[in-house]
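To keep things clear, I will list the structure first and then write my remarks on it.
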Amino acid sequence: MLSKKIQAIRGMNDLLPGQSALWQYFESHVRTLMQRYGYDEIRTPIVEQTALFARSIGEVTDIVEKEMYTFEDRNGDSLSLRPEGTAGCVRATMEHGLLHNQIQRLWYQGPMFRHERPQKGRYRQFHQVGVETYGLEGPDIDAELILLTARLWKQLGLFEHVTLELNSLGSSEARAAYRDILVAYFEQHYEVLDEDSRRRFSTNPLRILDSKNPDMAPMLAEAPQLLDHLDEASRDHFERLTAILEMAGIEYRINPRLVRGLDYYSRTVFEWTTTALGSQGTVCAGGRYDALVEQLGGKPTSAVGFAMGVERLILLLETLELVPQDATPPLDVYLLGMDETATRAALLLGERLRDRLPACRLQVHCGGGSFKSQIKKADKSGARLALLLGEDELTHDQITLKFLREEREQQRVAQSELVETLEHLLADA
RNA sequence: GUGGAUGUAGCUCAGUGGUAGAGCCCCGGAUUGUGGCUCCGGUGGUCGUGGGUUCGAUCCCCAUCAUCCACCCCA
């Protein structure tokens with residue numbers, strides 16, 4: 001029916017009023033959490049030079065090859081809508097000298113864009129909350145990030161429903177060496193590889209380990225393990241990280257096949273996953289990317305970060321029925337005037353009440369209608385109290401206070417006493 | 001990019017080769033200045049879009065678009 005009319009771009013969703021309270025609930029938990037851990041917010045543009053993403057995420061990744069919204073600026077530059085947040089964050093911190101012998105703990109939040117086929121938990125415009133830290137090379141900061149996310153899950157009631165998966169990719173040298181070993185192994189078993197894997201063979205052989213194809217499972221089970229080919233420093237880093245997690249009581253599962261899609265990762269990688277969302281079960285993922293800053297032209301700088309998918313977490317909260325009842329606090333007061341004169345008075349009275357009662361959620365009826373229909377709207381508004389202003393009230397400087405949610409006689413009060421009356425009533429709500 | 005399912009009222013959905021229905025929502029009335037429950041009445045649809053078959057298509061066929069799910073990939 002809307003086919004000839006303009007409608008939202010595929011995979012880009014409107015966030016409707018019924019949903020926004022849940023988003024705000026989630027966002028306020030995140031914001032408070034970040035403050036409590038001493039992380040500062042950074043906001044970077046949604047559009048960057050295409051080259052930034054190509055050089056950081058990796059030229060041959062799916063994201064860069066076929067999923068970016070890329071277009072030419074009027075001056076001929078190739079620009080792209082950001083498909084993830086790390087690249088822009090690195091660019092911004094480098095550009096403003098924030099990495100110059102400094103430690104940074106940063107977070108951000110906002111929309112990302114990838115041109116993929118939409119499905120449950122995957123959209124073309126989606127939202128991430130990301131955290132990036134710079135200048136810290138030990139496993140302590142890796143652990144802090146995991147502890148931070150674990151605390152968020154606990155606060156939201158999700159902790160029992162997510163699993164932490166861990167792996168180490170080693171140094172880039174160790175990873176490259178392992179890659180050669182793996183390629184040699186796959187060459188020996190090339191006839192077992194399926195079509196997808198043969199494609200990955202030349203692009204990203206590590207990803208073959210991630211295949212869900214049961215026919216390849218026996219061969220993959222025998223494949224050389226990344227963890228067996230770690231360099232000494234990476235192995236030590238990983239062991240120190242897992243020791244901290246054990247002391248902190250955070251359970252984890254080492255997943256040797258956890259590779260991560262983006263090229264810039266090294267050493268620690270982790271994912272929080274759930275089985276409650278169908279095939280898009282990764283709800284938060286990240287890792288170390290010690291080489292990226294240098295790769296983008298900066299001084300060598302240790303870096304760790306992660307990103308979580310807001311839509312997926314919202315979906316998870318809904319699926320598990322963990323949506324808080326009071327996410328949308330109802331109105332306290334619905335104020336109505338019975339005719340045009342009284343409505344004018346109601347608008348002015350509403351302002352005076354808001355001056356005096358800043359915590360009071362008050363809506364003034366607009367749009368006229370019969371007295372009866374106005375009362376109906378007061379009821380539908382969810383307000384606890386209705387304040388009725390008619391000719392009779394106006395001539396006596398009074399107002400009628402009607403209880404919409406409790407068995408209680410309505411009362412007339414002098415307007416001069418209204419603030420005090422409401423203060424009492426709202427206090428014992 | 002590939003595969004499958006689904007498109008009928010604002011929402012959830014029935015339905016039939018002969019120009020469409022329910023529930024909810026919304027509006028009005030039963031109540032003169034009083035909501036919820038009940039009853040009565042009402043608004044609202046070129047049946048996703050385009051084409052084909054037919055005397056006639058919302059229904060059958062084709063195409064297309066959209067949504068959902070899965071693959072791929074990823075948060």
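Reminder, nothing fancy here: chain letters follow the sequence lines and each chain counts from 1.
- The NZ-C1' distance, from A/Lys376 to B/rC26, rounds to 10 Å in whole Å.
- When Watson-Crick and G-U wobble pairs are counted only if both distances are under 3.5 Å, B/rC59 pairs with no nucleotide at all.
- Nucleotide B/rA75 holds its P atom 16 Å from the CZ atom of A/Phe113, rounded to whole Å.
- For A/Met338 and B/rU32, the CE to C1' distance is 11 Å, given to the nearest whole Å.
- The side chain of A/Asp392 sits closest to B/rG33 out of B/rA75, B/rG33, B/rG35.
- By the 4.0 Å N-to-carboxylate-O rule, A/Arg200 lies too far from A/Asp62 to be salt-bridged with it.
- Comparing B/rG48 with B/rU67, their C1' atoms are spaced 11 Å from each other, to the whole Å.
- Mapping A/Gly309 and A/Arg199 onto RNA chain B by nearest heavy atom places A/Arg199 at the nucleotide closer to the 5' end.
- B/rG29 sits 16 Å from B/rU34 when the C1' atoms are compared, rounded to a whole Å.
- You'll find that the side chain of A/Asp62 is closest to B/rC72, out of B/rG35, B/rC72, B/rA75.
- Ion pairing between A/Glu48 and A/Arg82 fails under the 4.0 Å rule for side-chain N and carboxylate O.
- Between A/Asp379 and A/Arg405, at least one side-chain nitrogen of the basic residue sits less than 4.0 Å from a carboxylate oxygen of the acidic one, meeting the salt-bridge criterion.
- Here B/rC26 is the nucleotide among B/rG28, B/rG35, B/rC26 with the atom lying nearest to any side-chain atom of A/Lys380.
- Atom C1' of B/rC60 sits at a distance of 15 Å from the matching atom of B/rG18, rounded to the whole Å.
- Of the charged side-chain nitrogens involved, at least one lies within less than 4.0 Å of a carboxylate oxygen, so that A/Arg288 and A/Asp142 count as a salt-bridged pair.
- Atom CG of A/Leu22 sits about 10.5 Å away from atom CG of A/Leu313, to the nearest 0.5 Å.
- To the nearest angstrom, C1' of B/rA75 lies 9 Å from CG of A/Leu313.
- Taking a pair to require two hydrogen-bonding distances under 3.5 Å in either a Watson-Crick or a G-U wobble arrangement, B/rU12 pairs with B/rA22.
- Base pairing annotation: B/rU6 forms a Watson-Crick or G-U wobble pair with B/rA66, both donor-acceptor distances under 3.5 Å.
- Across all strands, A/Ala285 comes closer than 4.0 Å only to sugar-phosphate atoms, never to a base (heavy-atom distances).
- In the set B/rG33, B/rA66, B/rA75, the nucleotide with an atom closest to the side chain of A/Phe126 is B/rA75.
- Screening residues 22-32 of chain A for salt bridge (charged side-chain N to carboxylate O under 4.0 Å, His left out) gives A/Arg31-A/Glu41 as the qualifying pairs, with residues at least two apart or on separate chains.
- Proximity note for A/Glu67 (side chain, C-beta onward) versus B/rA75, B/rG35, B/rC73: the nearest is B/rC73.
- Taking the centre of each ring, A/His161 and A/Trp153 stay at or above the 6.0 Å mark.
- Using N1 to N3 plus N6-O4 or O6-N4 for Watson-Crick, or N1-O2 and O6-N3 for G-U wobble, each under 3.5 Å, B/rC39 pairs with B/rG29.
- Between A/Gly390 and A/Arg200, the residue anchored closer to the 5' end of RNA chain B is A/Gly390, taking for each the nucleotide with the nearest heavy atom.
- When the C1' atom is compared between B/rU53 and B/rG41, the two are found 43 Å apart, to the nearest whole Å.
- Contact check, A/Lys377 against B/rG35: no side-chain N or O comes under 4.0 Å of OP1 or OP2.
- Taking a cutoff of 4.0 Å between a charged side-chain nitrogen and a carboxylate oxygen, A/Arg122 and A/Glu116 qualify as a salt bridge.
- Atom NZ of A/Lys402 and atom C1' of B/rG33 are 11 Å apart (whole Å).
- Taking only distance into account, the side chain of A/Glu393 meets the base of B/rG33 through a donor-acceptor pair shorter than 3.5 Å.
- Pair assignment for B/rG1 gives B/rC71, based on Watson-Crick or G-U wobble hydrogen-bonding distances that are each under 3.5 Å.
- The base of B/rU34 sits within donor-acceptor range of the side chain of A/Gln410, with an N or O pair under 3.5 Å.
- The base of B/rC72 has none of its N or O atoms less than 3.5 Å from a complementary donor or acceptor on the side chain of A/Arg207.
- Remark: P of B/rC26 and CG of A/Asp379 are 10 Å apart, rounded to the nearest angstrom.
- When the P atom is used for both B/rC69 and B/rC26, the distance is 29 Å, rounded to whole Å.
- Spacing between B/rC72 and B/rG50 at atom C1', rounded to whole Å, works out to 32 Å.
- If you measure from atom CD1 of A/Ile57 to atom C1' of B/rC74, you get 11 Å, rounded to the nearest angstrom.
- A side chain to side chain contact (heavy atoms under 4.5 Å, CB included) with A/Leu388 is found for exactly one of A/Ile399, A/Leu335, A/Ile375, namely A/Ile375.
- Here the C1' atom of nucleotide B/rG1 and the CZ atom of A/Arg124 are 11 Å apart, to the nearest Å.
- When the P atom is compared between B/rA5 and B/rG17, the two are found 22 Å apart, to the nearest whole Å.
- Between A/Arg105 and A/Glu132 there is no salt bridge, since no side-chain N of the basic residue sits under 4.0 Å from a carboxylate O of the acidic one.
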Polar atom pairs between nucleotides 67-70 of chain B and protein, under 3.5 Å, N or O only, would you list them?
residue, atom, partner, partner atom, Å
B/rU67, OP2, A/Arg10, NE, 2.8
B/rC69, OP2, A/Lys120, N, 2.5
B/rA70, OP1, A/Ser279, N, 3.2
B/rA70, OP2, A/Gln119, NE2, 3.1

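- Comparing B/rC62 with B/rG3, their P atoms sit 16 Å apart, to the nearest whole Å.
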